[in-house]
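The block underneath contains the structure these notes are about, expressed in structure tokens.
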Amino acid sequence: MRLAIISDIHSNLEALESVLAQIRQESVDAVLNLGDLVGYNASPNECLELLLGQNFFNLAGNHDLALLEPERAESFNIIAHQALAWSREQIRPGFRKFLEALPLTQEFGDRFLACHGTPTSADTYIAYHFQGKRVFKHMAKQTNLKVCFFGHTHRRALWYRDIRGTVGSREITRPKVDLSREGHYLINPGSVGQPRDGNPEAAYAIFDLEEFSIHFKSVPYDVAGAQRRILEAGLSPFLAERLAQGK
Ligand SMILES: [Fe+2]
């Protein structure tokens, strides 16, 4: 079984269309979307319309939750806050209902789990060692749980806990990584709609359950088109600039 993992689309229609076109060539059995469907970019309704027509597993991210409950956006920086307020005004009622129904986590059998930030919070990052360690500790409560997919940082990541209990973050030097069946992993595919690891291409990943491998991928998309929509909507030019830089 092959699973496509996407995350942090953030209303970037051009990026989403390119990733979905690529995924259609991949012969995957399911698509898992780790949340933050809205926020930052300028095509919230178009992206939700596209997602609604698919049979994906979609999760709620912190921006999706903050669109529904404005007080959750109080900790956002001013640019993120303004973009989300704009999205809240734009969103069609039916799509609001779609966001309201999104779960925070999703389990696949007893071995795989998916979340936005961490399994217990859509707002919390896994970026530092103590954060990775904390999530592995949480995972250990379920004996068979091997892999947790997460997003939120907009950066690819592969955290491991080996057979001796050592926790670390593995540098992704090759796109495809064979995983150890004895190990436990936290995997972040990067962001479709606002990548921040220096590569402006829309990121996603393919997880192969039989091979027990993860393949980090990215696809070029119409960045200029996405930038144009941001500027036309009157959102911060910074949001357009960062797409070109992938930061
Ligand atoms: Fe995000």
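Counting starts at 1 for both ligands and their atoms, following the listed order.
Its N, O or S atom nearest to the Fe ion (ligand 1) is what matters here, and for D8 that atom is OD1. If you look at D36 and ask which of its N, O or S atoms sits nearest the Fe ion (ligand 1), the answer is OD2.
Checking H10 against the Fe ion (ligand 1), an N/O/S atom falls under the 2.8 Å cut-off. The nearest N, O or S atom of H154 is closer to the Fe ion (ligand 1) than 2.8 Å.
For CZ of R92, the number of neighbouring non-hydrogen atoms (other residues, nucleotides, ligands) closer than 6.0 Å is greater than 12.
Taking the six-membered ring where the residue is Trp, F76 and H63 present tilted rings, their angle falling between 30° and 60°.
Inter-residue side-chain proximity for Y185 and I214 is flagged as unmet; no heavy-atom pair is nearer than 4.5 Å.
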Item to complete: I would like to know whether H10 and N41 meet side-chain hydrogen bond (donor to acceptor under 3.5 Å, both in side chains); could you show each step before the answer?
Response: CA-CA 6 Å; H10 283 296; N41 299 299; 6.0 Å; no
